[in-house]
Amino acid sequence: MWKAFRRAAMATVHLVVAAAMCFGVYLFVTVLLITAVGTLAVVGCWLLPEAVLLIRRIAGAKRNLTALWTGREIPEAYPPITGTLRERLRVSVRDPGTLRDLRWMLAYYLYGALLVLALPLWPVALVVDGVWAGALRRTPVVLPLIVQLADLEARWSTVLLMPSPKARLARRVEELKETRADAIAAHEAELRRIERDLHDGAQANLVALSMRIGLAKRAYDRDPEAARKLLDDAQAQAEQALTELRHVVRGIHPPILTDRGLTGAVRALAASSGLAVTVDDGNLDEGTRAPAAVEAAAYFVVAESLTNVAKYSGSDRAEVRLARTRRGLTVRVRDEGRGGADESAGSGLLGMRRRVAALDGMFEVSSPAGGPTVIDVELPCVW
């Protein structure tokens with residue numbers, strides 16, 4: 001009985017908010033009429049894009065309200081209204097989402113006030129279910145009807161506000177364009193980094209090595225001791241060049257990933273980070289390994305995150321969780337530091353986001369002031 005009562009109360013709150021929003025939509029008719037008259041009179045045509053943007057915000061608020069009740073997000077698929085007035089008018093008129101939102105708004109005038117059916121049910125529910133369910137311990141009869149009204153309102157809103165397959169496809173194409181651009185930018189940045197490391201590190205050492213060997217050849221006949229010292233320096237220079245080359249190779253694809261897998265590579269990162277890092281690899285070692293690109297992205301996220309913890313968080317502890325899911329690989333890095341991580345502050349978060357987006361993955365950062373900072377990554381792959 002108490003569970004049914006609480007569920008019916010939540011449904012009533014949902015219907016009250018929906019009815020309040022419906023009343024606001026009634027008032028919005030005035031704005032639509034002013035916009036229509038102004039557009040027909042040409043002088044007020046600039047009102048049309050603004051009215052469409054306002055309709056999108058109202059529909060977005062209704063999507064959020066419905067998602068809170070159903071637990072399922074209703075996606076948006078709108079083209080941006082930007083540019084000159086002519087371009088804004090063209091997008092406003094041709095966007096099928098505008099017509100869809102207007103259709104929902106007209107229907108909402110009728111079903112948005114389902115609260116008027118729910119309120120009379122409460123006195124009946126208190127009497128009938130109070131005796132039937134409270135005293136006789138039977139299943140409530142009237143209270144579920146209130147919940148069904150809220151479900152009906154949410155179901156109609158979901159159907160009417162769900163973007164068309166064509167609009168969702170267009171939105172998906174735009175997302176892929178953005179991720180492709182980010183992947184190209186990340187690739188170019190990686191090439192510049194490799195070129196810089198080769199030029200400033202390995203190449204400089206190899207040039208110095210060549211010069212020392214040349215000097216040793218010249219001094220070999222007249223001063224063998226000096227030649228031997230130059231050869232010793234050349235050997236040290238060769239070892240330094242090899243170290244620089246290993247560093248460059250490790251930045252492209254860490255060999256430890258190939259040798260020990262993602263779990264072993266992450267544990268090695270944790271051991272060398274200077275932090276007290278707890279690594280939970282879940283069931284990652286079972287079965288097939290993830291593709292090399294997915295493992296490399298996950299390794300990069302963990303490495304960059306631990307670096308950020310050591311530099312900025314003020315905490316000496318971190319937690320890394322790796323998990324294998326049906327859809328791919330998930331990574332979570334958490335620390336109890338000061339929080340306040342900002343992607344625009346050059347902390348490497350943008351690079352991580354781009355690398356994950358290039359694989360069509362999900363990247364989320366939660367870092368309120370005072371902590372904790374949590375980085376969640378989901379990388380899709382087929383096991």
Side-chain angles (χ1 to χ4, degrees), residues 14-15 17-70 72-114 152-185 343-344 353 357 360 362 364:
H14 173 80
L15 290 173
V17 177
M21 184 174 292
C22 181
F23 180 74
V25 170
Y26 282 133
L27 298 180
F28 189 68
V29 173
T30 305
V31 177
L32 292 179
L33 291 176
I34 294 175
T35 302
V37 173
T39 304
L40 292 175
V42 180
V43 293
C45 60
W46 59 271
L47 288 172
L48 182 59
E50 302 302 324
V52 171
L53 289 174
L54 187 55
I55 292 173
R56 289 183 179 183
R57 295 190 185 98
I58 296 173
K62 182 57 186 171
R63 287 187 178 93
N64 293 333
L65 177 64
T66 304
L68 285 175
W69 177 253
T70 63
R72 296 187 300 273
E73 183 180 355
I74 305 176
E76 292 185 355
Y78 297 122
I81 300 180
T82 56
T84 63
L85 178 60
R86 181 187 296 272
E87 294 171 346
R88 290 161 59 86
L89 286 172
R90 182 169 61 251
V91 173
S92 302
V93 173
R94 294 184 178 180
D95 177 23
T98 302
L99 182 61
R100 199 172 189 86
D101 288 347
L102 287 174
R103 186 179 64 181
W104 160 76
M105 193 169 288
L106 292 175
Y108 200 49
Y109 291 148
L110 303 177
Y111 78 87
L114 285 175
L152 181 63
E153 193 275 341
R155 192 179 308 117
W156 284 347
S157 297
T158 300
V159 172
L160 291 169
L161 289 172
M162 184 67 70
S164 65
K166 183 177 180 181
R168 279 181 284 176
L169 178 60
R171 179 59 184 165
R172 181 59 178 160
V173 170
E174 290 299 322
E175 291 177 354
L176 291 176
K177 286 182 179 179
E178 293 176 3
T179 56
R180 180 177 179 271
D182 288 342
I184 292 174
E343 289 192 28
S344 62
R353 182 180 294 278
D360 201 21
M362 181 274 295
E364 292 182 354

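This is a predicted model, so every value here is computed, not measured.
- For the side chain to side chain contact (heavy atoms under 4.5 Å, CB included) criterion with Tyr78, the lone passing option out of Thr98, Val91, Asp101 is Asp101.
- Nearest heavy-atom pair across Gly83 and Arg88 is O-CD, 3.4 Å.
- Inter-residue side-chain proximity for Val52 and Arg56 is flagged as met; some heavy-atom pair is nearer than 4.5 Å.
- In this structure, Met162 CE and Arg100 CZ are separated by 8.5 Å, a value rounded to the nearest 0.5 Å.
- Residue Glu76 comes nearest to Gly60 through the heavy atom pair OE2-CA, 3.4 Å, listed as atom of the first residue, atom of the second, then distance.
- Judged purely by atom type and a 3.5 angstrom limit, Tyr108 uses its side chain to pair as donor or acceptor with the backbone of Ala18.
- If you take CG on Leu161 and OG1 on Thr66, they are separated by 6.5 Å, rounding to the nearest 0.5 Å.
- At a threshold of 4.5 Å between non-hydrogen side-chain atoms, the residues Glu153 and Trp69 do not count as touching.
- A distance of 9.5 Å separates CH2 in Trp104 from CD1 in Ile55, rounded to the nearest 0.5 Å.
- Of the inter-residue distances, the one linking Met105 atom CE with Leu160 atom CG reads 12.0 Å to the nearest 0.5 angstrom.
- Summarising the geometry of Pro163 relative to Ala77, their closest heavy-atom pair is CB-CB, 3.9 Å, with the distance given to 0.1 Å.
- Atom CG of residue Leu65 and atom CZ of residue Arg63 lie 12.5 Å apart, to the nearest 0.5 angstrom.
- In this structure, the side chains of Tyr111 and Ser157 come closer than 4.5 Å at one or more pairs of heavy atoms.
- Separation of atoms CG (Leu89) and CZ (Arg94) is listed at 11.0 Å; rounding is to 0.5 Å.
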